[in-house]
Amino acid sequence: MKPLPDNKGYFGPYGGRFIPETLINALLELERAYTAFRKSPEMKRELDNLLKNYAGRPTPLYHARRLSSSLGAEIFLKREDLLHTGAHKLNNTLGQILLARFMGKKRIIAETGAGQHGVATATVCALMGLKCLIYMGSLDVKRQAPNVKRMMLLGAEVVPVETGGKTLKDAMNEALRDWVKNIRSTHYLIGTAAGPHPFPRIVRDFQTVIGREARAQMKRLLGEDPDFALACVGGGSNAIGLFHAYAGRSRTRLIGVEAGGRSHRPGDHSASISLGRPGILHGTRSYLLQDDEGQVLPVHSVSAGLDYPGVGPEHSYLKDEGLAEYVTCSDREALEACLALARHEGIVPALESSHALGYVMAKRARFKNQKVLINLSGRGDKDLGIILEETEI
Amino acid sequence: MKGYNGLYLMGNYPGAELFVETALYGLKHFDFLEIGIPFTDPVADGPVIERAAHELIEKGFRMDDLLRSVRRIRDGAPAGKKLLFMTYANIVHSRGAAPFASLCRKAGVSGVILPDVPFEESAPFRRAFRPEGVDLISFITPENTEEQIRKIATAASGFLYCISIRGITGNALSLDAQTQKKIALARSHSRVPVVLGFGIRDRATAATALKHADGFIMGTAVIEALNRKKLPGVRSLLRSLEETA
C-alpha cells in the first residue's frame with residue numbers, strides 16, 4: 001500500500017486544503033517543519049521522554065474479566081483514560097507543542113468540544129511556557145464546566161463561542177478566523193485528525209502510539225491479534241490512532257462507532273459516515289452531515305466530544321475501501337455501557353469512549369466468544385453531571 | 001465612480017424585495033454585484049455577514065428563491081454589469097461543480113468566488129466551470145510569495161480578488177509597503193482587473209484602494225447600512241463614495 005496522504009494531502013478522494021488563500025503558506029510551512037521535526041533525533045528523544053515520564057506511557061492493556069463473562073466475549077481495554085489529563089488527547093498535544101516550539105511560534109490556539117483537548121493543550125502550554133487561548137462553544141462551556149475550570153487553572157484563556165449551535169464546529173470556525181488574523185505568531189493546535197492537510201496526518205502520526213502499543217500488548221497476552229478492534233469516532237483521532245496499527249496489515253476487523261444520539265433523524269445524531277455524504281468543511285473533503293443544498297446540519301450527542309458534523313478524511317477513505325466499518329451507538333446505549341463498566345470493573349469511562357463499548361453490548365450476539373479490543377480513550381470524571389442527570393442514580 | 005468596483009450583498013437579505021431593490025440601485029454605481037449564498041460555517045467572514053447568513057438559513061433559505069431574485073436583477077440591471085456568486089466550497093460541491101456552473105450560466109451569473117478554495121485546490125472547479133463560461137475568481141493575499149502571485153495573476157479570469165489584510169471580512173484596512181508592492185506585481189501580470197477587498201468601508205478607504213488597485217469591493221459596510229437604515233442607508237453610503245471617487 002502507498003503511504004497516505006499523498007503529497008497534496010489526499011487519502012484517495014478525501015482530504016486536501018480547503019482554506020482561505022491566506023493560510024496556504026502557513027500550512028506549507030507547517031508541513032516542511034513537520035518533515036524536519038520527524039527526522040530530528042533530539043525531537044524524537046524529547047517526545048519519547050515526555051510520553052513516558054510526563055504522560056505515563058505505555059498505558060496498560062486490561063482484560064476486563066467480569067464484564068467479559070457478563071457479555072460472553074473477551075473484552076480488552078486500552079487504557080488511554082489513565083494517561084495524564086485523562087484522555088488520549090495528550091499524545092497529540094505533546095507532539096504538536098514540540099513542533100510549535102520547533103517552528104518558533106509563541107502563541108497557541110485550539111478548539112475544544114468536551115474540553116479534553118482544551119485541557120491537554122492548556123497543559124502542554126503550561127509545560128512549555130506558551131500563551132494559550134482555547135475556543136469553546138458556549139453550550140459546551142456549560143456542559144463541561146469542570147474542564148473549563150481546569151483550563152483556567154492551567155493558565156489558559158477560554159473564549160466561549162456564541163454562534164451557530166455553540167459547540168465544537170463553531171469553536172473550530174472561530175479558531176480558523178483567529179489563525180487567519182494571527183498567522184505569523186500563532187500555531188493552531190488542532191485536536192482531531194481532521195482539518196486541512198497536514199493536520200490529519202500530523203494528528204494521526206502522534207496518535208498511532210495507541211495502536212502500536214495495543215497491538216504489541218495484545219500479541220504478548222494472546223499470541224495473536226484480536227478479532228475486533230473498536231473505537232468511538234467524532235473527528236476520529238483516537239480511532240485512527242488505534243486503527244492504523246491494523247488497517248490493511250491484519251485480519252482484525254476494525255469498527256468505528258459514531259454517535260447515534262436520540263434518533264437517526266437530522267439534528268438528532270453526529271453519525272457523519274453512517275448517515276452523511278461527502279462534503280467540504282473546515283479545510284477537508286470528507287463525509288459530512290448536510291442538507292440537500294449543502295448547509296451543514298446541526299448535530300447532537302450526549303457526549304460533547306463526538307458532537308461534530310464532519311469526520312477526519314482518513315476514516316472516509318477507510319470506509320470506502322472497506323478497511324474499516326462504521327456503525328452507530330445511541331445516547332442511551334452509551335450511558336448503559338458507562339454504567340456497566342463502572343459497576344463491573346470500577347472504571348468510569350468518558351461518554352465518548354462509552355459509545356465503543358455500548359455498540360458491543362447492544363450487538364453482543366455478533367461478538368460472542370470473540371476477542372474484542374476497545375480503546376478506552378478517556379475517563380468519565382468530566383461527564384459526572386450529565387451521567388447523573390441522564391441515569392437514575 | 002472610477003475604477004472597476006464591486007458591491008457585496010447577501011442574497012435575499014434581509015428579504016427578497018429589499019435585496020433586489022438594493023442590488024438594482026447599487027448597480028447604478030458599481031460594475032459588478034457579488035451575491036452571497038449563505039453558508040452555515042462562513043470561516044472567512046466576520047460577525048456581521050455571519051449573522052446575516054445564519055438569519056437567512058434559520059428562515060429556511062432556498063436556492064430557488066434566490067435564483068428568482070437574481071433573474072429580476074439580471075433583467076433590471078444596465079447592460080454590461082456582471083453578477084457573481086460568493087459562497088463556500090460545500091455549497092458548490094453539494095450540487096456538483098458542473099451542475100452549479102450550468103445553474104450560474106442560466107441565471108446570468110458570470111463568476112463564482114469561493115474563499116475556502118485556494119489556488120492549489122482550484123483546478124477541478126475551473127475545469128467544471130469553463131465549459132459554461134463561468135469564471136472561478138482567484139485570490140491573492142499579503143501572505144502569498146511573489147512567485148505564487150505571478151502564477152495566480154497570470155491564470156486569473158474575471159477579475160483578481162486581492163485580500164488587503166490578514167483577517168476576515170469586516171476587519172480594518174491597512175496596506176503596508178510590502179502589500180502595496182505585491183498588488184503592483186499582481187497588476188503587472190494580470191490580464192484582468194485587480195480588485196481590493198476586505199476593509200473597504202467609506203470614501204477614505206475606497207480612495208486608498210483605488211490608489212493601489214484597479215477597483216474595490218465593499219461588503220460589510222453595506223450590510224451594516226442595510227441593517228441600520230434599509231435602502232436609504234445604502235443610498236447615502238454609496239452617494240458619499242461617489243463624491244470622492
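Only this structure's heavy atoms are used, side chains among them; waters, hydrogens and symmetry mates stay out. Protein chains get the first letters and strands the later ones, always in sequence-line order, with residue 1 at the start of each.
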Problem set entry | Ionic contact status for R201(B) with E224(B), cut-off 4.0 Å | yes

Exercise. Any salt bridge between K182(B) and D176(B), counting N to O under 4.0 Å?
Worked result: no

Exercise. Under 3.5 Å, is there a donor-acceptor pair between the R277(A) and S94(B) side chains?
Worked result: yes

For this session: Name the region of I152(B), side chain, backbone, both or neither, that has any atom closer than 4.5 Å to a heavy atom of chain A.
Result: side chain

Exercise. Can a donor-acceptor pair be found between the side chains of E111(A) and Y188(A) at a distance below 3.5 Å?
Worked result: yes

For this session: Assess the side chains of Y88(B) and H93(B): does a donor N or O sit below 3.5 Å from an acceptor N or O?
Result: no

Problem set entry | Residue T145(B) versus chain A: region with a heavy atom under 4.5 Å | both

For this session: Name the option with the most non-hydrogen atom pairs under 4.5 Å to chain A; the candidates are D41(B), D45(B), T141(B).
Result: D41(B)

For this session: Counting only heavy atoms closer than 4.5 Å, note whether P47(B) contacts chain A via side chain, backbone, both or neither.
Result: neither

Exercise. Of the listed residues (H54(B), M63(B), E50(B), Q148(B)), which shares the most heavy-atom pairs with chain A below a 4.5 Å separation?
Worked result: E50(B)

Exercise. Does a salt bridge link R72(B) with E17(B), judged by any charged N lying under 4.0 Å from a carboxylate O?
Worked result: yes

Exercise. Using a distance-only test with no angle check, is there a side-chain donor-acceptor pair under 3.5 angstrom linking R107(A) and T186(A)?
Worked result: yes

Exercise. Which of these, Q96(A), R101(A), K105(A), sits in a side chain to side chain donor-acceptor pair (under 3.5 Å) with H187(A)?
Worked result: Q96(A)

Problem set entry | Residue D292(A) versus chain B: region with a heavy atom under 4.5 Å | both

Exercise. Considering only heavy atoms, which portion of R51(B) lies under 4.5 Å from any heavy atom of chain A: side chain, backbone, both, or neither?
Worked result: neither

Exercise. What residue in I57(B), I163(B), N144(B) has the most heavy-atom pairs under 4.5 Å with chain A?
Worked result: N144(B)

Exercise. Under a 4.5 Å heavy-atom cutoff, which of I24(A), I280(A), L281(A) has the most pairs with chain B?
Worked result: I280(A)

Exercise. Would you call R68(B) and D64(B) a salt bridge, taking side-chain N to carboxylate O under 4.0 Å as the test?
Worked result: no

Exercise. Contact part of L28(A) toward chain B, heavy-atom cut-off under 4.5 Å: side chain, backbone, both or neither?
Worked result: side chain

Exercise. Do the side-chain N and O atoms of H282(A) and D116(B) include a donor-acceptor pair separated by under 3.5 angstrom?
Worked result: no

For this session: Just give me the residue among K8(A), K181(A), K169(A), R177(A) that pairs up with chain B most often, heavy atom to heavy atom, under 4.5 Å.
Result: R177(A)

Exercise. What part of L23(A) lies closer than 4.5 angstrom to a heavy atom of chain B: side chain, backbone, both or neither?
Worked result: neither

For this session: Give the member of M172(A), R285(A), Q295(A) that has the highest number of heavy-atom pairs under 4.5 Å with chain B.
Result: Q295(A)

For this session: Give, as side chain, backbone, both or neither, the part of N25(A) having an atom under 4.5 angstrom from any heavy atom of chain B.
Result: side chain

Problem set entry | Structural part of P196(A) lying under 4.5 Å from a heavy atom of chain B | neither

Exercise. Which region of Q290(A), side chain (C-beta onward) or backbone (N, CA, C, O), has a non-hydrogen atom less than 4.5 Å from a non-hydrogen atom of chain B, or is it both or neither?
Worked result: side chain

